[in-house]
Structures are given as structure tokens and as C-alpha cells.
Amino acid sequence: MAGKEIQEMKGSEGGARRRRRWAIAVHGGAGVDPKLPLEKQAQAEKILARCLQLGVAALRSNLAAVDVVELVVRELETDPFFNSGRGSALTRKGTVEMEASIMDGQRRRCGAVSGVTTVKNPISLARLVMDRSPHSYLAFHGAEQFAREQGVETVENAYFVTEDNAEMLRLAKEAGSILFDYRVPMAAGCRAEAAAGEMNSLPLSVYAAETVGCVAVDTQGRCAAATSTGGLMNKMEGRIGDSPLIGAGTYACKACAVSCTGEGEAIIRSTLARDVAALMEYKGLSLDGAVQYAIKERLDEGKAGLIAVSSDGDVACGFNCVGMFRAYATEDGLFHVGIWD
Ligand code: ASP
């Protein structure tokens with residue numbers, strides 16, 4: 001048992017339990033444009049700090065980790081700044097197909113959805129799949145039907161489409177590119193510049209950010225993870241990324257919880273989230289050791305990042321691309337919001 005346990009408490013089963021230290025981390029996507037305007041950086045940091053505070057308050061009031069990650073991701077989905085819920089990336093047809101997953105590490109239960117087009121908060125639908133369906137993963141028509149049966153809030157698909165993202169899609173199409181990091185060469189005429197390593201900045205008005213995720217460990221040492229996204233800008237209809245895939249974009253067990261972001265295809269190839277847990281479980285690595293090993297040894301260069309917490313109340317993050325919107329806090333007093341390395 002770790003030396004970080006700090007006091008005895010009564011467990012829900014009535015037995016004596018050791019109180020653990022809570023920790024929480026949030027991300028708003030990896031692969032940030034290095035020329036992201038300062039006001040957009042400040043806006044991202046403000047939203048992340050607000051959502052982190054929400055999670056911290058929930059952990060302090062003894063909400064279970066799985067409830068905390070759902071709560072925080074709902075908040076991020078509702079804010080159009082990030083690529084999830086309202087503000088989701090668009091398919092090449094200009095529609096929104098969202099996906100999300102959640103995992104409760106203590107009980108090793110999970111729920112996921114893909115191809116969701118009208119559900120206001122896909123993370124809560126994923127939670128319902130976990131809690132109220134006999135399955136782990138529902139997609140497209142079946143997921144929408146389940147949403148109706150459960151009475152979750154739905155809206156028109158147009159609600160999720162923002163002006164910025166419509167413009168971003170136009171630029172992506174012009175450049176013939178599928179985007180995960182928004183560093184798109186703006187037009188065919190700019191390709192030489194891009195090839196020379198000088199990527200174009202997008203016009204100020206069309207900057208957007210990316211996939212969201214939250215991991216938390218509560219005072220009973222229960223770990224949980226949640227991830228939600230619109231996927232990649234200009235993606236094919238029907239494309240499924242890492243975010244709803246348990247073990248790729250999201251994973252939680254008794255040791256840790258992990259949420260990934262970046263190019264989904266690369267994260268899927270790496271089984272990134274599960275690898276972090278496996279490195280802890282099978283190799284006995286620390287949380288940070290496992291995160292850094294997985295990023296360095298398993299992931300293609302420049303592709304992605306992740307946030308993680310351990311049941312001991314540690315927090316870690318890592319990425320091998322230019323930046324990652326992230327924020328984390330621990331009971332020990334750590335409070336950090338950042339974008340760059
Ligand atoms: N991982 C997400 C996807 O590939 C994108 C992101 O993290 O921004 O769908």
C-alpha cells in the first residue's frame with residue numbers, strides 16, 4: 001500500500017477503509033497550433049480551469065470518481081470552444097457524428113457510443129449504456145434509439161455546428177486534408193510553404209480546439225476516465241476514432257485511469273490507454289514512468305497525448321506533439337493549467 005494514504009474512514013460496506021488522496025486531470029485536445037493567438041490560449045485555459053474547479057469541488061464533496069468525470073466532460077461538451085458536443089468537428093458532409101466513452105475502474109464497467117447525431121451530451125449516453133443496457137458499446141441508429149428510450153436531451157444536428165467549424169471544414173476541403181491539429185495549409189497555393197515546414201496560420205476567427213477528457217481518483221481510491229469528441233475535421237462519415245474505444249482512447253482499472261487525445265488512428269494502433277495500465281500492472285512502473293514509456297515507445301512521433309491519475313492520487317500527462325490543452329489538480333495542493341511542453 002502506498003504511503004500516501006492519510007486516514008482511516010468507514011467504507012460503504014461498513015468495513016474500515018483507508019482514505020486516499022483525490023486527484024483529477026482534464027484535457028481539451030492535443031496537437032495545438034504553435035501560432036494559436038494569445039486570446040484563444042487564454043480562453044482555453046479559462047475554460048479548463050473552470051471545469052477543473054468543478055471537478056475538484058465534486059471530489060471534495062465525496063462524489064464518486066465516475067460521477068465526477070461525467071460531470072466535467074458534460075461541461076466541456078456544452079462549451080462550444082472544444083471539439084465535443086456543441087463545437088464538434090464536422091464530417092466531410094458537414095454533419096456532426098459524435099462519440100464518447102466512460103469507464104469505472106473500480107468495477108471495471110464501461111460504456112461507449114459512436115455516430116451520435118442528436119444527443120446533447122454524448123458522455124451521459126455512454127454512462128447510460130454502462131448503467132442501463134446489457135452492452136458496452138452502441139453506435140449510430142442503435143445509439144440514437146437507446147437515447148430516445150432513455151429520454152435523454154436531444155437537439156437538431158445543426159445545434160452542434162458552429163460557424164468556426166463550418167469555416168474550418170471549408171479550409172480543410174480546400175487543402176484536401178483531414179485535420180486533427182488544425183495546422184492546415186490553407187490552400188493548394190500554400191503547399192510549398194507547408195512542405196518547407198512553414199505551416200499557415202488559420203484566420204483568427206476559425207481557431208478551435210479539440211477532443212475533451214477527464215480522469216479522476218476519489219477519496220476511496222476509485223479511478224474513472226471519460227472522453228468525448230466530434231472526431232477529426234473532414235472525416236469520412238462512419239469513421240470511428242480512439243475516443244469511444246476502451247483500451248485505446250479511454251481506460252480505467254484499479255490502478256489508474258487514462259484519457260487520450262490526438263490522431264485516433266495512431267492511438268488505436270498503440271492501444272495507448274490500456275498500455276499505460278498494463279505497464280503499471282505487469283511491469284510495476286509508476287504512473288509517470290508508465291505514461292512516459294507508452295508515449296515514447298508505443299506512439300508514432302507527433303501524434304497524440306494523454307492524461308492519467310493513479311489510485312494513489314498521483315497525476316501525470318504526456319504528449320509527443322506540439323501542445324496539449326490540459327489542467328490538473330491534486331489533494332496535495334498541485335493546481336496546473338497549461339498548453340505547451
Ligand atoms: N482522438 C480524436 C479522434 O481521433 C481527435 C482528438 O483527440 O482531437 O477522433
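For the numbers below, each heavy atom of this structure counts, side chains included, while hydrogens, waters and symmetry mates do not. Every number for a ligand or one of its atoms is a count from 1 in the order of the listing.
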Looking only at distances, please establish whether an N/O atom of ligand 1 is found under 3.5 Å from an N/O atom of [X].
{"X": "R239", "result": "yes"}
{"X": "G264", "result": "yes"}
{"X": "T229", "result": "no"}

Review point. For G262, is the nearest heavy atom under 4.0 Å from an atom of ligand 1?
Key: yes
Check your understanding: Is the closest heavy atom of K235 to ligand 1 under 4.0 Å?
Key -> no
State whether a side-chain donor-acceptor pair under 3.5 Å links [X] with [Y].
{"X": "S84", "Y": "S228", "answer": "no"}
{"X": "E97", "Y": "T117", "answer": "no"}
{"X": "T211", "Y": "T261", "answer": "no"}

List ligand 1 atoms under 4.0 Å from [X], heavy atoms only on the residue side.
{"X": "T261", "result": "6 (C), 7 (O), 8 (O)"}
{"X": "G231", "result": "9 (O)"}
{"X": "D242", "result": "1 (N), 2 (C), 3 (C), 4 (O)"}
{"X": "E210", "result": "8 (O)"}

For residues 107-116, run the donor-acceptor check on the side chains, cut-off 3.5 Å, and write out each pair with its distance to 0.1 Å, sequence neighbours left out.
| from | atom 1 | to | atom 2 | distance (Å) |
| --- | --- | --- | --- | --- |
| R107 | NE | D104 | OD2 | 3.0 |
| R107 | NH2 | D104 | OD2 | 2.9 |
| R109 | NH2 | M130 | O | 3.2 |
| R109 | NH2 | D131 | OD1 | 2.9 |
| S114 | OG | E99 | OE1 | 3.0 |
| S114 | OG | Y137 | OH | 2.6 |

**Study point:** Closest candidate by heavy atom, reference atom 6 (C) of ligand 1, pool T227, V212, T211
**Key:** T211
Practice item. May I have the step-by-step check of side chain to side chain contact (heavy atoms under 4.5 Å, CB included) for Q220 and R20, ending in yes or no? Key: CA-CA 5 Å; Q220 294 189 36; R20 310 291 279 264; 5.8 Å; no
Point to revise | Test: E77 and R74 ion pair at under 4.0 Å | key: no
Check your understanding: Taking 4.0 angstrom as the limit, do R21 and D314 come out as a salt bridge?
Key -> no
